[in-house]
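Below is one structure; the comments refer to it alone.
Values reported hereafter were calculated over all heavy atoms of this structure, with side chains retained and with hydrogens, waters and symmetry mates removed.
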Amino acid sequence: MVKILSDSTCDLSKELLEKYDVSVIPLHIVLEDREYRDGSEITPEEIYEWSDAHKSTPKTSAVSIADAMDAMSPVLEAGDEIVAFCISESMSTTGNVLRMAAEELDAAERASVINSESLSTGIGLLVIEAAMMAKAGKSRDEIVAAVNGMIPKVRASFVVDTLVYLHRGGRCSSVAAIAGEVLKLHPRIVVRNGAMEAEKKYRGKMGAVIMNYVKDMEAELLQAKKDRVFITHSGCDAQTVEKVRSYLVGLRHFDEVIETRAGGVISSHCGPGTLGVLFLAE
């Protein structure tokens, strides 16, 4: 059998992880001299509170080799193989840590690490596809080959409510951040080839911005893989999220429209009010 693992930036809910039998290895969030495991030891709301109080973005770090080995050991001891997913390797060293963990366990030939070249539920989409293949009895090599073919089809993007958090984390210049706040600009951030790029800029109130962002993708959405689409956000107004859900359901294209909350690592960098619609191209 093949067991699917992922780092915590996949942003899949507890219910989805249980449904697809996926185990998560946490990245770490560092607030001054204290370190927390993403997803279990600190909430995004606590991160926002600390970040605003200190006018700083928390540091985030890769999974620890100890946590990775703890997740892999029981799988390997049971005689199973592993396919493990990591956030884009241009953003984190997590992939290398996972490979080192497999080597430490003398299991490099039984564990494959996939660089998702994405983040958040852009990873989650791939993780679910891999988990479904594992359940269907596909081999590790078959799963890896299929997933690698899907990576270029991941469509991961989001719009941010504030540029402050991206600026604090060094992903946005002070001039751009100030101008964005003054002019009420909300950029669409797209993940391409493992890196984040600012694409279109929207202006106005966030509720209207989010709907314009989603509607701009309608042609792509109608050509997407039909199985599922994710609405992933870092704490948006419930009414706005419901409007996005209703719009996506109204397209009559997707079998599932799934809402998830972004975890601590993603929320640390994008700040509250961020929302993305993520899917696989057909």
### Query
Do Tyr247 and Glu218 have side-chain N/O donor and acceptor atoms under 3.5 Å apart?
yes
### Task
Check whether any side-chain N or O of Ser51 sits under 3.5 Å from a backbone N or O of Ile47 as a donor-acceptor pair, and report yes or no.
no
### Query
Looking at residues at least two apart in the chain, or sitting in another chain, which of them share a side chain to side chain donor-acceptor pair (under 3.5 Å) with Arg192?
Glu197, Glu199
### Query
Is it true that Arg99 and Glu89 have a side-chain N and a carboxylate O under 4.0 angstrom from each other?
yes
#### Entry: Short side-chain donor-acceptor distance under 3.5 Å, Ser157 and Tyr213
yes
### Message
As a quick check of understanding, evaluate side-chain contact (heavy atoms from CB on, under 4.5 Å) for Asp67 and His28, giving each step before the final call.
### Response
CA-CA 11 Å; Asp67 284 343; His28 289 235; 3.3 Å; yes
#### Entry: Minimum heavy-atom distance between Val147 and Ala130, given as atom pair plus value
CG2-CB, 4.0 Å
Let me check something: any side-chain donor-acceptor pairs from residues 101-112 under 3.5 Å, sequence neighbours excluded? List them with distances.
residue : atom : partner : partner atom : Å
Arg110  : NH2  : Leu76   : O            : 2.9
Arg110  : NH2  : Asp80   : O            : 2.9
Ser112  : OG   : Arg140  : NH1          : 2.7

### Query
Does the Glu142 side chain pair with the main chain of Ser139, one donor and one acceptor, at a distance under 3.5 Å?
yes
### Task
Identify the heavy atoms of Leu98 and Ala84 that sit nearest to each other, and give their distance.
CD1-CB, 4.2 Å
### Summary
From the list Val144, Val2, Ile143, side chain to side chain contact (heavy atoms under 4.5 Å, CB included) with Lys138 holds only for Ile143
### Query
Would you call Asp21 and Lys3 a salt bridge, taking side-chain N to carboxylate O under 4.0 Å as the test?
yes
### Query
When you check the side-chain N and O atoms of Thr9 and Asp7, is any donor under 3.5 Å from an acceptor?
yes
### Message
Is it the case that over 12 heavy atoms from other parts of the model lie below 6.0 angstrom from the CD atom of Glu45?
### Response
yes
### Task
Quick one: do Ile4 and Phe85 satisfy side-chain contact (heavy atoms from CB on, under 4.5 Å)? Show the steps, please.
CA-CA 8 Å; Ile4 306 301; Phe85 288 80; 3.9 Å; yes
### Query
Would you say the side-chain atoms of His186 pair up with the backbone N or O of Tyr202, donor to acceptor, closer than 3.5 Å?
no
#### Entry: Sequence neighbours excluded, every pair satisfying salt bridge (charged side-chain N to carboxylate O under 4.0 Å, His left out) that has a member inside residues 223-241
Glu129-Lys225, Glu129-Arg228, Lys225-Asp227, Arg228-Glu256
### Task
Search all heavy atoms of Gly95 against all heavy atoms of Val113 and return the closest pair with its distance.
O-CG1, 3.9 Å
### Query
For Asp11 and Thr260, does a side-chain donor sit closer than 3.5 Å to a side-chain acceptor?
no
### Task
Determine whether the side chains of Thr57 and His269 contain a donor N or O and an acceptor N or O closer than 3.5 Å.
no
### Query
Nearest heavy-atom pair of Gly149 and Pro152: which atoms, and what distance?
O-CD, 3.5 Å
### Message
Using the side chain to side chain contact (heavy atoms under 4.5 Å, CB included) criterion, which residues pair with Val241? Sequence neighbours excluded.
### Response
Ile231, His233, Cys236, Glu259, Leu275
### Summary
The side chain to side chain donor-acceptor pair (under 3.5 Å) partners of Arg155 (sequence neighbours excluded) come to none
### Message
Between Ser234 and Ala262 (side chain of the first, backbone of the second, donor and acceptor by atom type, cut-off under 3.5 Å), is there such a pair?
### Response
no
### ILVMFWY cluster, Val22 and Met1 together (side-chain gap under 4.5 Å)
no
### Message
If I compare all heavy atoms of Thr94 with all of Cys86, which pair ends up nearest, and what's the gap?
### Response
CG2-CB, 3.9 Å
### Message
Would the distance check show the side chain of Thr93 and the main-chain N or O of Asn96 forming a donor-acceptor pair, the cut-off being under 3.5 Å?
### Response
no
### Query
Counting only heavy atoms not in Asn193, do more than 12 sit closer than 6.0 Å to its CG atom?
no
## Note on the structure
Residues passing the side chain to side chain donor-acceptor pair (under 3.5 Å) test with Ser118, sequence neighbours excluded, are none
### Task
Verify the distance criterion only: is there a donor paired with an acceptor across the side chains of Thr232 and Thr121 at less than 3.5 Å?
yes
### Query
What pair of heavy atoms forms the shortest contact from Ala71 to Ile25, and how long is it?
CB-CG1, 3.7 Å
### Query
Are Met217 and Val159 grouped together when hydrophobic residues (ILVMFWY) are joined by side-chain heavy atoms under 4.5 angstrom apart?
yes
